[in-house]
Structure formats: C-alpha cells, structure tokens
Asker: 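This is the structure I have questions about; it appears just below.
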Amino acid sequence: MKEFLTNKINNLPASATLAMAAKARELKNSGIDIIGLSLGEPDFNVPDFIKDAAISAINQNYNSYTPVDGYADLKKAICEKFKRDNNLNYNTNQIVVSTGAKQSIANVVQAIVKPGEEVILLAPFWVSYSAIVEMAEGIPIIIESGIEDDFKVKASKIKDYITDKTKMIILNSPNNPSGSMYSEDELRAIGDVLKNYPNIFVLSDEIYEHIQYGSDHFSFGAIDEMYERTITVNGVAKAFAMTGWRIGYIGAPEWIAKACTKLQGQVTSGANCIAQKATIAAIKADVKQISYMVDEFESRKKLIIELLSGIKGIKLNNPDGAFYVFPDISYYFGKEIDGFKINNSSDFSMFLLEKAHVATVTGSAFGCPNNIRISYAASKENIREAIKRIKAVLA
Ligand code: GLU
C-alpha cells in the first residue's frame, strides 16, 4: 500500500523515542519484564494544585472550542512567566499556545522554512527536529559534537556551516538527549556570530529549563540583538509531569506568532480547554513547588552515573540538566556477545532490549551514532535493576 502514500510520508522516519516506547510497551504486554528507560517522561503524578485547577475547569463547564492561539488569561500568565524566569518581554500577541511543544516547533518551521532552505542542528539533537525540517522540505545541516566536547558545539564552528541558504538554527539547552547546558557566555558567543547574519532565525527549545542541577539557564532571546529573530519554545510536559496534557507554547515576533496561529487554525484549532486552564496554575506557581521532582532527578542521576561507571567500555559525562545520560558505547562496536553482533548504536540498543530487557534509544536517532540515550525518569529500583541487567549481559 506504500505506493498510495505520499513521498513525504514514505520518507518520514518514525520517531525513534516513541517507536522504542511502543515496542517496550508491546513486549511488556506480552508478559516480558521490560524496564523502560527509553522515554523522556517524568514518572511523578501531576501536582495536586494543577489537578485541582483542571477539575475546577471541568466543573465550570469549560467545554467549548478555545481561541486558536490560546486563552487570553493563559497567554497573560505565559508573558509573566517569560518575564519572571527568562528576562523576556513578550506581549500576548506574541504568544501561541499549542498541543505540545512539538507542535509549537512544527508550526514555526512550517511557517518560516522554505523548500531548500537550511536549518542548522547541533548534534546531539532531539529526534523530531530533523524530521520536522524535512517535512517542510528544508535541509537539516548537522554539526557534530561528542562526549569530549561535553556534547556542545562552539560558536566558531557554527560560523563555518552558515551559507546563504541558512534560515534557522535550533538550540536546545538543557539538551535532549545529552543533558548538557550551554552557559550564558556560550550562548552570547553564538549570538555574536549570528548578529552578522540578519536573515537567520533562532528557535530556542527550552522545554527542560527547570530540570537542571545548579547551572543557570539562560534564554537566547534575552540577547538584545537577537530578540527580534528568536522564537522561544517551552511547555509544561517535563517540569510539571504533564506529558499527556499536551500544552506547549511559543514567544515570538508577532508576525511569526500570527503565521503559527493561521497554520494551527487549519490543522488542530486551539489546544485543549481543560489542559490550558491547568497550565495557568502550573506556570503561575513558584518553581519551588516542583523542586522535589528536580531533587529526585538529581539523586537518580548520581545513582545511574555511579552504576554505569562500573561497566567496562561505557564512557560517560556528567550532564547538567534534563533526565538523560548519553554514554558513548562505541567500545562494543564490532563485538559479538551471546550470538548478537553489535556494529552500531542501534544494534547496541536492540541488544539491551533483547538480552537485558531494558529499553533505551539509539544515539543515531539524535545524530550521535556512538551513543545511546538512557532516561533516568524512572524509579531508583528500576534504575538499579536495569543497570544490573546491562552489566550482566555485557560481562
Ligand atoms: N520528548 C520525549 C523524548 O524525547 C518524549 C517523546 C518524544 O516526543 O520524542 O523522549
């Protein structure tokens, strides 16, 4: 039936994160004791004060279509949040609320990237960036980095990849999958390069902003000369454990916000009414209200690093944020273990699934073929058991 599908769909890779999560779920349902460390999904309950806001919205009969760009009171709360946390001044006409940050990113790329235009991605980059760019018929230009660079790309290197076709660069700090954070100085250095290219836009994906362990998060749009060309993306999924509620948003130049609203009006309409009302409670809250989750993530990070460090051939760094480790496992390439030949990170990840019953994600999906991503958004008990199993099969 493939011939009936469009080339766009036939050429579109499935999301590696979601594909692995689906596979793990399927194996689990068939009775296999899989430990899922593939998905970037907090395992906490949504805080009660957010649930209460959602329940109250239901009881107040918030049922109808929402404004395409989001409820006015939510957009106001988002403006206040941008001011409070990010030193960013947006007015409500610059805000668009969407069905998850993924939709926010897709809207922006569809709105401004023209066929043949290049979008610079700094590897490792989140799986869906490249697919979203390709759907817009843009060309992803990948700049590599590795564990020896702390998975960060220097401003001077970015300069070498800029051409007259470059339309956008996507930044993501704290980073999925590496957990690395770009410092203010590093981001300002990138800003210094981009100041010389007035036609290049920056999409700054800050969805992991609150999941960080001591470094200061800096918003790229807070660089004066870059504000007019920066689209700041955020959402409530990661910080408030609201992945399934599907609320993301942008702060952007008004003309980009308008374009995204027009697009969204033809594709999904406004985001879910109950989830928007709950989001107001979430983002108005003092961030201290979620620090218990961040503290627990940090403690799990220490645990997983300690446990993985005891395994031969696994090279690790110490991430500053998000809830992933991204070890270099290339030591195992070319080896055969228990009849399973490992030639690349996809083989390694499949090997762990089949032999250790632990789900991870191949680094190839993130532009880093020497690595795998392991999410530690899981209980300590599961982390201990998973790493014990990994150690056993690699021994
Ligand atoms: N962003 C999360 C992850 O990277 C959720 C899955 C997805 O949308 O890719 O695991």
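Read the numbers this way: they start at 1 and go in the same order the structure lists the ligands and their atoms. Below, all heavy atoms of this structure are taken into account, side chains as well, without hydrogens, waters or symmetry copies.
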Asker: What protein heavy atom sits nearest atom 7 (C) of ligand 1, and how far away is it?
Answerer: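 Of the protein heavy atoms, Thr17 OG1, 3.4 Å lies nearest.
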Asker: Please evaluate residues Glu134 and Asn11 with respect to the criterion side chain to side chain donor-acceptor pair (under 3.5 Å), reporting the C-alpha separation (whole Å), side-chain torsions for both, the decisive distance (0.1 Å), and the verdict.
Answerer: CA-CA 9 Å; Glu134 279 166 358; Asn11 295 334; over 6 Å; no
Asker: Glu118 vs Thr163, test: side chain to side chain donor-acceptor pair (under 3.5 Å). Steps then yes/no.
Answerer: CA-CA 8 Å; Glu118 296 175 352; Thr163 71; 2.8 Å; yes
Asker: Any side-chain to backbone donor/acceptor pair from Asn91 onto Asn93? Under 3.5 Å, distance only.
Answerer: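 The answer is yes, because a donor-acceptor pair under 3.5 Å joins these two groups.
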Asker: Going by atom types only, do Asn107 and Gln264 share a side-chain donor-acceptor pair under 3.5 Å?
Answerer: yes
Asker: I want to know if ligand 1 touches Trp126 in the polar sense, i.e. an N/O pair below 3.5 angstrom.
Answerer: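 Between Trp126 and ligand 1, an N or O pair is found under 3.5 Å apart.
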Asker: I need the contact type for Met20 against ligand 1. Using non-hydrogen atoms and a strict under-4.0 Å cut-off, is it side chain, backbone, both or neither?
Answerer: neither
Asker: In the protein, what heavy atom is nearest to atom 5 (C) of ligand 1, and what distance, to one decimal place, separates them?
Answerer: Lys238 NZ, 3.9 Å
Asker: Over 60° means perpendicular and under 30° means parallel, so classify the ring planes of Phe348 and Phe351, tilted if in between.
Answerer: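 If you compare the ring of Phe351 with that of Phe348, the planes turn out tilted.
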Asker: Can you sort out which atoms of ligand 1 are near Gly40, meaning under 4.0 Å from one of its heavy atoms?
Answerer: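 Close to Gly40: 2 (C), 3 (C), 10 (O).
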Asker: So, Thr362 versus Ser349: side-chain donor-acceptor pair below 3.5 Å or not?
Answerer: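 Short answer, no.
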Asker: May I ask you to check whether Phe297 and Phe44 place their ring centers less than 6.0 Å from one another?
Answerer: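 Yes, the ring of Phe297 comes within the 6.0 Å limit of the ring of Phe44, centre to centre.
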Asker: List every atom of ligand 1 that sits less than 4.0 Å from any heavy atom of Tyr324, numbering the atoms from 1 in the order shown and giving each element.
Answerer: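 That gives atoms 3 (C), 4 (O), 10 (O) of ligand 1.
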Asker: Answer side chain, backbone, both or neither: which part of Leu18 comes under 4.0 Å from ligand 1, heavy atoms only.
Answerer: side chain
Asker: Please identify which atoms of ligand 1 are closer than 4.0 Å to at least one heavy atom of Lys102.
Answerer: 7 (C), 8 (O)
Asker: Once you restrict to heavy atoms under 4.0 Å, what part of Asn176 touches ligand 1? Side chain, backbone, both or neither.
Answerer: side chain
Asker: For Lys312, which residues count as a side chain to side chain contact (heavy atoms under 4.5 Å, CB included) partner, sequence neighbours excluded?
Answerer: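 For Lys312, the residues satisfying side chain to side chain contact (heavy atoms under 4.5 Å, CB included) (neighbours in sequence not counted) are Tyr331, Tyr332.
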Asker: Report the part of Glu41 (side chain from C-beta onward, or backbone N, CA, C, O) that has a heavy atom under 4.0 Å from ligand 1; answer both or neither where that applies.
Answerer: neither
Asker: Between Phe323 and ligand 1, find which residue part has any heavy-atom pair under 4.0 Å and reply side chain, backbone, both or neither.
Answerer: neither
